Amino acid sequence: MAQEQEQRKENRPPREGGGGRGPGGGDRGDRGPRGDRRGEGRGGDRGRFEGPPEIELDKLINDSLYLDNQAHSIVSRIRDMDSGTKTQLRRLYSAVRRAVRAPEGERQHEFVMLRARLAYTIARHGLRSLDQLEKLLLQVTRKNDLRGYERFKDLFEAIVAYNE
């Protein structure tokens, strides 16, 4: 009887979605659809890796060395993760400069739109190294302070300069 059941299993067509055993549909155990093992060797109980720590706006405003260190950190991630970003960075930097020069009543709106443009550029070109800048831009926009806007521009200027 057991032999008969085993024979029926072997004669079945493969399940939809690649499930089942056999050629192309082997048992993956705790592996995902691409065969990667979840949590093994990476401390799976620690959760998802979130990337580098956020840039602290108050430190950025008050400490020039912190600004410089953050610029270097972002540029090294750009070089490690992304390619061909110089032109995109220069275009974004031009948009940052225009937003800072906007009249006080329109400045926050300009930075909100700049954040949308930055998000689009990150997604379109796969520039994951700039995620930190997007989060910082949100902080700057919420604070709506001229010094914060100026420091964000300074940080961006340093990033463009170090990335050359």
Side-chain angles (χ1 to χ4, degrees), residues 17-19 28-164:
R28 295 180 184 264
D30 63 343
R31 294 179 184 202
R34 294 182 308 184
D36 53 343
R37 293 181 182 175
R38 292 183 206 132
E40 286 187 28
R42 293 187 187 177
D45 58 339
R46 288 187 292 173
R48 195 177 135 241
F49 176 68
E50 293 297 324
E54 284 189 25
I55 299 172
E56 297 176 37
L57 180 58
D58 292 330
K59 274 178 112 174
L60 191 73
I61 291 171
N62 297 315
D63 188 356
S64 297
L65 289 176
Y66 180 76
L67 184 146
D68 187 62
N69 289 337
Q70 292 302 316
H72 276 290
S73 171
I74 290 170
V75 168
S76 69
R77 271 195 314 285
I78 288 171
R79 289 183 179 152
D80 290 345
M81 297 171 66
D82 305 323
S83 62
T85 60
K86 290 180 183 180
T87 301
Q88 286 111 354
L89 281 176
R90 282 194 299 270
R91 286 179 181 166
L92 287 169
Y93 175 59
S94 294
V96 169
R97 288 176 50 208
R98 277 193 305 274
V100 169
R101 288 192 308 251
E104 188 177 343
E106 297 175 24
R107 192 173 294 130
Q108 187 175 25
H109 174 72
E110 291 294 322
F111 271 87
V112 168
M113 296 311 296
L114 178 65
R115 182 167 174 255
R117 184 174 177 180
L118 179 61
Y120 171 78
T121 303
I122 289 170
R124 174 73 174 90
H125 299 286
L127 306 177
R128 302 285 24 134
S129 59
L130 299 182
D131 283 342
Q132 223 179 355
L133 279 179
E134 185 183 7
K135 290 176 185 174
L136 177 64
L137 187 53
L138 178 62
Q139 291 178 46
V140 169
T141 306
R142 284 183 176 162
K143 190 168 185 176
N144 195 21
D145 175 46
L146 180 60
R147 280 190 69 196
Y149 293 134
E150 288 285 343
R151 284 299 189 194
F152 184 80
K153 180 186 72 102
D154 294 344
L155 175 66
F156 223 109
E157 181 179 351
I159 290 167
V160 169
Y162 289 140
N163 195 43
E164 287 299 321

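For reference, positions follow the sequence shown, starting with 1. As the structure is a computational prediction, the values presented were derived from the model and not from experiment.
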Requested in this report: Drop me the distance from Leu136's CG to Phe152's CZ, to the nearest 0.5 angstrom.
Outcome: 5.5 Å
Query - Side-chain ion pair, Lys143 and Asp58, N-O less than 4.0 Å - result: yes
**Report entry** Residue pair Lys153, Glu150: steps toward the side chain to side chain contact (heavy atoms under 4.5 Å, CB included) verdict
**Finding:** CA-CA 5 Å; Lys153 180 186 72 102; Glu150 288 285 343; 3.5 Å; yes
Report summary line: Sequence neighbours excluded, the answer for side chain to side chain contact (heavy atoms under 4.5 Å, CB included) partners of Asn144 is Gln108, Tyr149
**Report entry** Contact summary for Phe111 and Val96, nearest pair of heavy atoms
**Finding:** CZ-O, 4.4 Å
Query raised in the report: In this structure, are over 12 heavy atoms from other groups packed under 6.0 Å from Met113 atom CE?
Result: no
Query raised in the report: What's the verdict on side chain to side chain donor-acceptor pair (under 3.5 Å) for Gln139 and Glu56, showing C-alpha distance, side-chain angles and the deciding distance?
Result: CA-CA 9 Å; Gln139 291 178 46; Glu56 297 176 37; over 6 Å; no
Query raised in the report: If you measure from CD on Glu134 to CZ on Arg117, what distance do you get to the nearest 0.5 Å?
Result: 14.0 Å
Query raised in the report: Taking atom CG of Asp145 and atom CG of Leu57, what is their separation to the nearest 0.5 Å?
Result: 8.0 Å
Query raised in the report: CG/Leu137 to CZ/Phe156 distance, rounded to the nearest 0.5 angstrom?
Result: 8.5 Å
**Report entry** Residues forming a side chain to side chain contact (heavy atoms under 4.5 Å, CB included) with Ala71, sequence neighbours excluded
**Finding:** Leu155, Ala158, Ile159, Tyr162
Report summary line: Smallest heavy-atom separation, Leu146 atom then Arg107 atom, equals CD1-NH1, 3.6 Å
Query raised in the report: Does atom CZ of Arg101 have more than 12 heavy-atom neighbours from other groups under 6.0 Å away?
Result: yes
Query raised in the report: Got Arg115 and Leu133 here, is their nearest side-chain heavy-atom distance under 4.5 Å?
Result: no
Report task. Under the side chain to side chain contact (heavy atoms under 4.5 Å, CB included) rule, what do Val75 and Arg79 come out as? Steps first, then yes or no, please. Result -> CA-CA 6 Å; Val75 168; Arg79 289 183 179 152; 3.8 Å; yes
Report task. Would you name the heavy atoms of Arg151 and Ile61 that are closest together and state the gap between them? Result -> NE-O, 3.1 Å
Report task. First locate atom OG of Ser64, then atom CG of Asp68, and finally report the distance between them rounded to the nearest 0.5 Å. Result -> 9.0 Å
Query raised in the report: What distance do Gln70 atom CD and Asp63 atom CG have between them, rounded to the nearest 0.5 Å?
Result: 10.0 Å
Query raised in the report: Can you check side chain to side chain contact (heavy atoms under 4.5 Å, CB included) on Leu130 and Leu89, steps first, answer last?
Result: CA-CA 10 Å; Leu130 299 182; Leu89 281 176; 4.1 Å; yes
Query raised in the report: For residues 120-129, which residue pairs qualify under side chain to side chain donor-acceptor pair (under 3.5 Å), counting only residues two or more places apart or in two chains?
Result: Asp82-Ser129, Gln88-His125, Arg128-Asp131
Query - Derivation of the side chain to side chain contact (heavy atoms under 4.5 Å, CB included) call for Ile55 and Tyr66 - result: CA-CA 9 Å; Ile55 299 172; Tyr66 180 76; 3.9 Å; yes
Query raised in the report: Which atom pair, heavy atoms only, marks the closest approach of Ala95 to Leu114?
Result: CB-CD1, 3.6 Å
Query raised in the report: Is Glu164 salt-bridged to Arg90, going by a charged N under 4.0 Å from an acidic O?
Result: yes
